[in-house]
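Quick notes on the structure that follows.
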Amino acid sequence: MTPASLSDALHAALTDAVADGTFALDPADLPTTVHVERPRQREHGDWATNIAMQLGKKAGMAPRAFAEELARRLAAVPGVSAVDVAGPGFLNITLLASAAGELVRTAVEAGAAFGRGDALAGESINLEFVSANPTGPIHIGGVRWAAVGDSLARIMQAAGAKVAREYYFNDHGGQIDRFAQSLLAAARGQDAPEDGYGGAYISEIADQVIAGAATAGRPDPRTLPDDEAQEAFRAAGVDLMFAEIKASLHAFGVDFDVYFHENSLHDSGAVDRAIARLRALGRIYEKDAATWLRTTDFGDDKDRVIIKSDGEAAYIAADLAYYLDKRERGFDRVIIMLGADHHGYVGRMMAMCAAFGDTPWTNLEILIGQMVNLLKDGQPVRMSKRAGTVVTIDDLVDAVGVDAARYSLARSSTDSMLDIDLDLLTKATNENPVFYVQYAHARTANVARNAADAGVRRADGFDASLLDHVAESVLIGALSEYPRVVAQAAELREPHRVARYLEMLAGSYHKWYDQCRVAPFGDEEVTDLHRTRLWLNDATRQVLANGLGLLGVSAPERM
RNA sequence: GCCCGCGUAGCUCAGUGGAUAGAGCGUCCGCCUCCGGAGCGGAAGGCCGAAGGUUCGAAUCCUUUCGCGGGCACCA
C-alpha cells in the first residue's frame, strides 16, 4: 500500500460517509486528494492525516468525533493495521508490514521508472537557464543555474513534461562590442578600454584569434583598419568563447538542446515582426524619436523603449522576438531562470507576455534565484577579473569534481543566497553531504554483492510481511515518499527537495543496515528473510540511483 | 524612496498551517569476533531577528519594524 492508495482509501471512506449522511458535507467540500504525511514521531504510526480537523467544523462535528468515525471506516480497509485518533483530531495510520512492503517489489520492478509520474504530463516546456554573456567564462554565479536548471529539466521530464533546455546567447549589443574592443586592444598590446574586459583569458582568446586567422590563410586581424579588425575579433572571439562555454558545461554534465543566438533574431527580421505584431495590437507608440511598448497597461512601472532614438533595437526588443519564437515553436510554457540581479525584468517581461495576449505566470514563468556569495577564509570576496579572484565553472570542477559541485549547488533553495567557501570546498570534500548519499548507494551495491556471494537471490522468494523491524518500516516509508517528492519538486520548480530527500533516505538506509543484516552469517541457511531484505536493499539502491540521476550526480558502486 | 529575496543550532542550510523545530559539518562520550566505521548510538547546543494580528493550532499566513543581499536605463 502506497501513500497514494492510502489517500484514495481515505477519499473513498469520506465519500461513503457523505453519501450515507454520516458527514453533513457536500461532496464538493471534499478535497480531490487527501493529504497524508509521515509523522515526525515514529510512535504515531506510518502515516498521518489532518483531514478531520479540516472537515470536522464544516460538517458541524467536533474534529475528534469526525476523526473517530473516519478511523472506524478506514480500519476496515485491507492492509490497514491500526487507525488511532490523537491530539486535536489527527488520524494516525499503521499499515500491515505485508501491505507496506509491497512497495519494495513495486520499486524494484519499476526500476529506473520508479518515481516517474504524470504531474506535468502533456506540458511542453521551454526551460532557459545560464544564458551567460559570451564575454567570458561562466563564473560561479552562473554555475548555480547550470546545476539547478539541468536538474529541474530532468525532474520536470520525470514528471511527464516535454522539456527543451535552452541557452540564450547574447551575441549582440554593447557588451559584445566592448568584448571585441578588449580583444583587439590585448592583441595590439594596449591596455583594456574603459569598461572593457581585462582578464588573462582575453589575451589567450586574442592569441587564438590571431592563430586561427593565420591557419586559415587570412591576414593578421591586428593589421586591419580598426573597425574591420574589431569585427574580425568579435566574430572569431565570440565563437571561441562560445565553444569554451559549451565545453565547460558539457564537462559539468549539462548539455542544451538549443543554443539560441540573439543575433539571429535581428538578422532574420524576427524582431521587426514581433514589433509589427504588437503595433497591430495597439501596444506601441512613438515618443522622443523612440519607439515604446505600453507595458504600463499590464502592470509594469513604466513603459519601455524598444527602439532607441538612435534607431538601434533595445535589449527588450530581442526578448519580444525570442519569446514569440519560443511560443511559435510550440512551447505552451516558457520558463526563464534568472539571477536576482535581473529581478527588475520580471515586471516588463510579464507585461510583454500579456501584451501578446498570453497569460503571465502561465505561458511565461520567471524563476528568480539568489546569488552565490564567494567566501575566502570566511570573508566575502568580491569577484574581480583584474584581481584574479574570478572562480569559473572549470575551477570549481577541478577543485571538487562534478558530483560534489553539482550537489552542493543544487541542494539548497534558490530563494536563499548561497555561501561557497572555496578553501573549505577544496580541502574538506568529505564535508559535502553528497558523499553521505553516494556512500549509501555504494553500500547497497556492496550488500548486494555479498548477498549474491552467499547465494541469496531475489527470485527465490519475497515475503513482505517479514519486513517488520522498525528500521525497515521507516525505510519502506521513506522509499514510498519518493514519487511524491519528484512530483512536488517538479511542480514547485525546486530541485533541492530531491537532494534533501536523498539525504533523509540515505540516513534511513544506514540505520537499517546497522540493524538488519541481509547476507546470512557464516554457514547460516538462506531464508526468505534474507531474500526479502535483499529486495529492500535493492529497492533502496534503485531509488538512490534514480534520485541522484535527477541531480546529475553519479551513483557509484564503490567509493 | 519603491520592488523582490533572506534572517532557524557554533558554521552551511532544510522545514509551501499541525503533534516534542531537523540534517550535514564542528564539539564531547560510546560501538569494528562476521555485509565497507565515508557508518551507527548517545550528549551538548534554539525566545525560528523583533512586535502585533489571523485560528483549535504559526518557523510557516497578514501588518509593522530592524538587519543583510539584490534590483529600480533609450546597458546588455
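A note on names: the letters A, B, ... follow the listed sequences, proteins ahead of strands, and every chain is numbered from 1.
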| note | Of A:Trp292 and A:Glu557, the one whose closest nucleotide on RNA chain B sits nearer the 5' end is A:Glu557
| query | Taking NZ, NE, NH1 and NH2 as the nitrogens, is one of them in A:Glu286 or A:Arg279 under 4.0 Å from a carboxylate oxygen of the other? | reply | yes
| On a whole-Å scale, what distance lies between the P atoms belonging to B:U20 and B:G70? | 40 Å
| Side-chain H-bond candidate by donor/acceptor type, A:Asp403 with A:Gln438, under 3.5 Å | yes
| field | Identity of whatever pairs with B:U55 - Watson-Crick or G-U, under 3.5 angstrom | value | none
| task | Could you state the atom-to-atom distance from CE of A:Met559 to C1' of B:G37 in whole Å? | result | 13 Å
| request: May I ask you to verify if any side-chain N or O of A:Lys302 is less than 4.0 angstrom from the OP1 or OP2 atom of B:A73? | output: yes
| Atom NE2 of A:His441 to atom C1' of B:A38: distance rounded to whole Å? | 16 Å
| remark: For B:G5, the nucleotide meeting Watson-Crick or G-U wobble distances (both under 3.5 Å) is B:C68
| field | Minimum-distance nucleotide (side-chain atoms of A:Glu503 versus B:G37, B:C74, B:A23) | value | B:A23
| request: Could you give the distance separating B:G69 and B:C31 at their C1' atoms, to the nearest angstrom? | output: 45 Å
| query | More than 12 heavy atoms of other residues, nucleotides or ligands under 6.0 Å from CZ of A:Arg457: is that the case? | reply | no
| query | Would A:Ser473 and A:Arg42 count as having a side-chain donor-acceptor pair, cut-off 3.5 Å? | reply | yes
| note | Taken to the nearest whole Å, NZ/A:Lys57 to C1'/B:G57 is 11 Å
| To the nearest angstrom, how far is A:Tyr407 atom OH from B:C25 atom P? | 12 Å
| task | Using a strict cut-off of less than 4.0 Å between a Lys/Arg side-chain nitrogen and an Asp/Glu carboxylate oxygen, indicate whether A:Lys511 and A:Asp514 qualify as a salt bridge. | result | no
| said: Please report the distance separating the P of B:U63 from the corresponding atom of B:C74, rounded so that it comes out in whole Å. | reply: 31 Å
| message | Any side-chain to backbone donor/acceptor pair from A:Arg144 onto A:Gln370? Under 3.5 Å, distance only. | response | yes
| remark: Result for 5'-nearest mapping on RNA chain B, choosing between A:Asn450 and A:Asp310, is A:Asn450
| A:His469 NE2 - B:C40 P separation (whole Å) | 15 Å
| Looking across every strand, which nucleic acid part, if any, lies under 4.0 Å from A:Asn537 by heavy atom: base, sugar-phosphate, or nothing? | nothing
| message | Please give the distance between the P atoms of B:G49 and B:A43 as a whole number of Å. | response | 26 Å
| said: Apply the syn/anti split at 90° from 0 to B:C13 and say which one it is. | reply: anti
| How close or far is atom P of B:C35 from atom CG of A:Asp453, stated in whole angstroms? | 13 Å
| field | NZ/NE/NH1/NH2 to OD/OE distance under 4.0 Å, A:Lys326 and A:Glu166 | value | no
| field | Presence of A:Lys511 side-chain N/O under 4.0 Å of B:G41 phosphate oxygens OP1/OP2 | value | yes
| Rounded to whole angstrom units, what separation is found between the CG atom of A:Leu338 and the C1' atom of B:G71? | 12 Å
| request: Test A:Glu557 against A:Arg541 for salt bridge (Lys or Arg N to Asp or Glu O under 4.0 Å), laying out the working first. | output: CA-CA 10 Å; A:Glu557 305 274 310; A:Arg541 177 183 182 178; 2.9 Å; yes
| message | A cation-pi test, strictly: NZ or CZ of A:Arg443 under 6.0 Å from the centre of the six-membered ring of A:Tyr509 and no more than 45 degrees from its axis. Yes or no? | response | no
| According to the 5.5 Å centroid and 30° plane-angle thresholds, does A:Tyr513 stack upon the nucleobase of B:C40? | no
| Expressed in whole Å, how much space separates the P atoms belonging to B:G26 and B:C11? | 16 Å
| When every nucleotide of nucleotides 16-21 of chain B is labelled 5' to 3' by its protein contacts under 4.0 Å (heavy atoms), B for base, S for sugar-phosphate only, - for none, what sequence of letters results? | B-BBB-
| request: Please state whether the phosphate of B:G37, meaning OP1 or OP2, lies under 4.0 angstrom from any side-chain nitrogen or oxygen of A:Arg443. | output: yes
| task | Between B:C35, B:C40, B:C74, spot the one nearest the side chain of A:Val447, thanks. | result | B:C35
| query | Is A:Tyr436 near enough to B:C40 that one of its side-chain N or O atoms lies under 4.0 angstrom from OP1 or OP2? | reply | yes
| The side chain of A:Tyr439 lies closest to which of these nucleotides: B:C74, B:A38, B:C35? | B:A38
| Does the ring centre of A:His44 sit less than 6.0 Å away from the ring centre of A:Phe90? | no
| message | Strictly by Watson-Crick or wobble contacts shorter than 3.5 Å, is anything paired with B:C28, and which nucleotide is it? | response | B:G42
| field | Integer angstrom distance from the P of B:G7 to that of B:A50 | value | 13 Å
Pairs under 3.5 Å (N/O, protein and nucleotides 11-14 of chain B):
unit_1, atom_1, unit_2, atom_2, d
B:C13, OP1, A:Met417, O, 3.1
B:C13, OP1, A:Asp419, N, 2.6
B:C13, O2', A:Arg500, NH1, 3.4
B:C13, O2', A:Arg500, NH2, 2.1
B:A14, OP1, A:Ser413, N, 2.5
B:A14, OP1, A:Ser416, OG, 3.3
B:A14, OP2, A:Ser416, OG, 3.2

| said: Using a 4.0 Å heavy-atom cut-off, does A:Arg449 contact any base of the nucleic acid, only the sugar-phosphate backbone, or nothing at all? | reply: nothing
| task | Look at the rings of A:His172 and A:His266 and say which category their plane angle falls in: under 30° parallel, 30 to 60° tilted, over 60° perpendicular. | result | parallel
| query | Considering only the C1' atoms, how many Å lie between B:G17 and B:G53, rounded to the nearest integer? | reply | 15 Å
| said: Whole angstroms only, please: what is the CD-C1' distance between A:Gln370 and B:C4? | reply: 8 Å
| task | Under a 3.5 Å limit for both distances, which nucleotide forms a Watson-Crick or G-U wobble pair with B:G22, could you say? | result | B:C13
| message | Taking the C1' atom in each of B:C56 and B:G15, what is the distance between them to the nearest angstrom? | response | 23 Å
| Base, sugar-phosphate alone, or nothing: which one does A:His343 contact when heavy atoms must sit under 4.0 Å apart? | base
